[in-house]
Amino acid sequence: MTNIYCYCLFDGRGNFKGVYSSVTAVHRDAIKICNRGSGPVYMQSAEGAIPPALTTLRNTFKGAFDIQVVYSGDPGYEARIIKTKLKE
């Protein structure tokens, strides 16, 4: 039995933006959604608001599923990444 994880990306209004199998791709697109304003982008998780980094995102998702991470930029620019597991 193989564990297959997928990453769902939503914008700040809850609109579905895509489903990904790669953490790198979902991180890149979340940064694109949030980086439209003039302020910095932050990653909000259980550890608090920190600058987004691919390594930090991987470590947050490691060994867990049905977990959510929020990227936020200027007011109105937000992206949500949800890691989930495909069930057979």
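Just so we're clear, the structure is a prediction, and the values are computed from it rather than from any experiment. Basis for what follows: all heavy atoms, side chains included, without hydrogens, waters or symmetry-related copies.
- For the residue pair H27 and A53, the shortest heavy atom distance occurs at CE1-C, 3.9 Å.
- A search for side chain to side chain donor-acceptor pair (under 3.5 Å) contacts involving T56 returns nothing, not counting sequence neighbours.
- Other residues sharing a hydrophobic cluster with Y77 under the 4.5 Å side-chain heavy-atom criterion for ILVMFWY residues do not exist; the residue is a singleton.
- Here the CZ atom belonging to R28 is positioned 11.0 Å from the CD1 atom belonging to I33, to the nearest 0.5 angstrom.
- Listed here is the closest heavy atom pair of P52 and V41: CD-O, 3.1 Å.
- Here N59 pairs with nothing under the side chain to side chain donor-acceptor pair (under 3.5 Å) rule; sequence neighbours left out.
- Proximity of a side-chain donor or acceptor of D74 to a complementary backbone N or O of G39 within less than 3.5 Å is detected.
- In this structure, L57 is a member of the same hydrophobic cluster as I67, with clusters built from ILVMFWY side-chain heavy atoms closer than 4.5 Å.
- Among pairs with a residue in residues 31-44, those fulfilling side-chain hydrogen bond (donor to acceptor under 3.5 Å, both in side chains) read Q44-S72, at least two apart in sequence or across chains.
- When side chains are defined from C-beta on, R58 counts as touching T24, because their heavy atoms get closer than 4.5 Å.
- Note that the OG1 atom of T84 and the CD atom of Q68 stand 12.0 Å from one another [nearest 0.5 Å].
- Connection of V26 to L86 is not established within any shared hydrophobic cluster, with ILVMFWY side chains joined at heavy-atom distances below 4.5 Å, either directly or through further cluster members.
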Side-chain polar contacts of residues 7-18 - donor-acceptor pairs under 3.5 angstrom, sequence neighbours left out - could you list them?
from, atom 1, to, atom 2, distance (Å)
D11, OD1, R13, N, 3.1
D11, OD1, G14, N, 3.2
D11, OD1, N15, N, 2.8
D11, OD2, N15, ND2, 3.3

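- Residues M43 and L54 share a single hydrophobic cluster, defined by chaining ILVMFWY side chains whose heavy atoms lie under 4.5 Å apart.
- In terms of hydrophobic clustering, with Ile, Leu, Val, Met, Phe, Trp and Tyr side chains grouped at heavy-atom distances under 4.5 Å, I50 and F61 are assigned to a common cluster.
- Neither I82 nor V70 shares a network with the other; the hydrophobic side chains, linked directly or stepwise wherever heavy atoms of I, L, V, M, F, W or Y lie under 4.5 Å apart, form separate groups for each.
- Shown here are the ring-ring contact (aromatic ring centres under 6.0 Å, His included) partners of Y20, two or more places apart in sequence or in another chain: there are none.
- A donor-acceptor pair under 3.5 Å links the side-chain atoms of K83 to the main chain of A64, judged by distance alone.
- Both the sub-6.0 Å distance and the 45° axial angle are satisfied by K85 relative to the ring of F65.
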